[in-house]
Peer 1: 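Here it is: the structure, laid out below.
First the proteins, then the strands, lettered A, B, ... as listed; each starts at 1.
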There are 2 protein chains.
Amino acid sequence: MSRPLTIGEAARASGVSAKMIRHYEALGLLPPAPRRPSGYREYDEADLHRLRFIRRARDLGFTLDGIADLLALWDDRTRASADVKALALAHVAELRRRAEAIAGMIATLERLAATCHGDDRPDCPILEDLAAGRPPPR
Amino acid sequence: MSRPLTIGEAARASGVSAKMIRHYEALGLLPPAPRRPSGYREYDEADLHRLRFIRRARDLGFTLDGIADLLALWDDRTRASADVKALALAHVAELRRRAEAIAGMIATLERLAATCHGDDRPDCPILEDLAAGRPPPR
DNA sequence: CCTTGACCTTCCCACCGTGGGAAGCCCTAC
DNA sequence: GTAGGGCTTCCCACGGTGGGAAGGTCAAGG
């Protein structure tokens, strides 16, 4: 039974900035915080829990939309674990797509950089390749 | 010596949308296009070349700032190829950082998903882990 | 010549997620 | 009672892209 926290304290304790806490509340990820007569928001342990949940999910690359879905499942004690797993795996698939895209870029750039002698002469296969600009696929 | 292109034709030929062509011009990545008396922009082969350069650089994940740097080097016929190579390798380093961050997320999520039985029972280690929310590193 | 439809112009607004900062009130410790 | 830090709301910015409104222009066909 501890004293309620101010938004700044909740921010420090959760790793979510005060600015973002207000924003998440406005988005509906958090229930509207109760207010002191002065208008100050108050937070308790349950709110901290939810904030840390959000923080962790963001660290795992979930979008706020995805987090909203996760929170809905979290709030529903009768959810099937399969639902959560499906969400997680769909996100993994998305992350893999991004990773592959990046890997492709790295491969191309490494290949180009390898053929660039990198001295003070001006000719450079990297720029030449960029300039070549093969026919745009779309 | 062909007829100048309209912005729409340049867009189709370069893979950069008309909207983005105007935007890039406003940003200074492209020189202001000459105009017909009606105000229509006109593009020639050199412009197409530059647009395809930008398109390709974006496909390789360069930011518009990075592209501005690349274009400056491209425009400077006396640049040292080492300068270009340094830019490219710095970008590769950045891409690698992103790829590693994503790989970490994937690893964590896969580990969690593996321990989630994924049936219609409600208990789920994925949500439990998110909820646990270890002390925020910052 | 005139209409039609595709194209162009500028302008503003949206997304996502986050931060900066102004103007003004509140709370605590001295 | 005053100083300082914290809180409130509000608007604006970033990067990069798209949507769409309101209006002018072009080419082809009748």
Peer 1: Mind telling me whether B:Trp74 and B:Phe53 have parallel, tilted or perpendicular rings, with 30° and 60° as the class edges?
Peer 2: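 If you compare the ring of B:Phe53 with that of B:Trp74, the planes turn out parallel.
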Peer 1: Would the distance check show the side chain of A:Arg50 and the main-chain N or O of A:Leu29 forming a donor-acceptor pair, the cut-off being under 3.5 Å?
Peer 2: yes
Peer 1: Whole-Å distance between D:dT17 C1' and B:Asp59 CG?
Peer 2: 14 Å
Peer 1: Here's a test of your reading of the structure: between A:Tyr24 and B:Gly8, which maps to the more 5' nucleotide of DNA chain C?
Peer 2: B:Gly8
Peer 1: Map B:Thr63 and B:Arg36 onto DNA chain D by nearest heavy atom, then report which one ends up closer to the 5' terminus.
Peer 2: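 Counting from the 5' end, the first nearest nucleotide belongs to B:Thr63.
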Peer 1: Report yes if at least one side-chain N or O of A:Arg41 is closer than 4.0 Å to OP1 or OP2 of C:dC26; otherwise report no.
Peer 2: no
Peer 1: Report the distance from atom CZ of B:Arg12 to atom P of C:dC8, rounded to the nearest whole Å.
Peer 2: 7 Å
Peer 1: For a quick test of reading the model: is some side-chain N or O of B:Thr6 closer than 4.0 Å to OP1 or OP2 of C:dC8?
Peer 2: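 Indeed, a polar side-chain atom of B:Thr6 lies that close.
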Peer 1: Taking the side chain of A:Arg22 as its heavy atoms from C-beta onward, which of D:dT9, D:dG18, D:dG19 lies nearest to it?
Peer 2: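 Nearest to the side-chain atoms of A:Arg22, counting from C-beta on, is D:dT9.
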Peer 1: With no hydrogens and no angle check, is any side-chain donor or acceptor of A:His117 less than 3.5 Å from a backbone partner on A:Asp123?
Peer 2: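 Indeed, once roles are kept as given, a pair shorter than 3.5 Å links the two residues.
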Peer 1: For the side chain of B:Lys19 and the base of D:dG16, is some donor closer than 3.5 Å to an acceptor across the two?
Peer 2: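 A donor-acceptor contact between them is absent.
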Peer 1: Could you please name the option among C:dG19, D:dC26, C:dC27 that lies closest to any side-chain atom of B:Ser38?
Peer 2: D:dC26
Peer 1: May I ask you to say what B:Arg58 touches in the nucleic acid, namely base, sugar-phosphate or nothing, with a heavy-atom cut-off under 4.0 Å?
Peer 2: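 Here B:Arg58 touches the backbone only, sparing every base.
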Peer 1: Please report the distance, rounded to the nearest Å, between CZ in B:Arg55 and C1' in D:dT17.
Peer 2: 13 Å
Peer 1: Atom CD of B:Glu42 to atom P of C:dT9: distance rounded to whole Å?
Peer 2: 11 Å
Peer 1: Could you say whether A:His23 or A:Pro37 is positioned toward the 5' end of DNA chain C, judged by the nucleotide with the nearest heavy atom to each?
Peer 2: A:His23
Peer 1: What I want to check is whether an N or O donor and acceptor connect the side chain of B:Tyr40 with the base of C:dC7 at under 3.5 Å.
Peer 2: yes
Peer 1: For the residue pair B:Glu42 and B:Ala33, what are the closest heavy atoms and their distance?
Peer 2: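 Smallest interatomic distance, heavy atoms only, reads O-CB, 3.8 Å.
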Peer 1: What is the distance, to the nearest angstrom, from the CG atom on B:Leu5 to the P atom on D:dA27?
Peer 2: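 Those two atoms, CG and P, are 14 Å apart.
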Peer 1: Between C:dC8, D:dG18, D:dG6, spot the one nearest the side chain of B:Met20, thanks.
Peer 2: D:dG18
Peer 1: Is the distance from OP1 or OP2 of C:dT10 to the nearest side-chain N or O of B:Arg35 less than 4.0 Å?
Peer 2: yes
Peer 1: Is any side-chain heavy atom of A:Leu48 closer than 4.5 Å to one of A:Tyr43?
Peer 2: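 Of all side-chain heavy-atom pairs linking A:Leu48 with A:Tyr43, none is under 4.5 Å.
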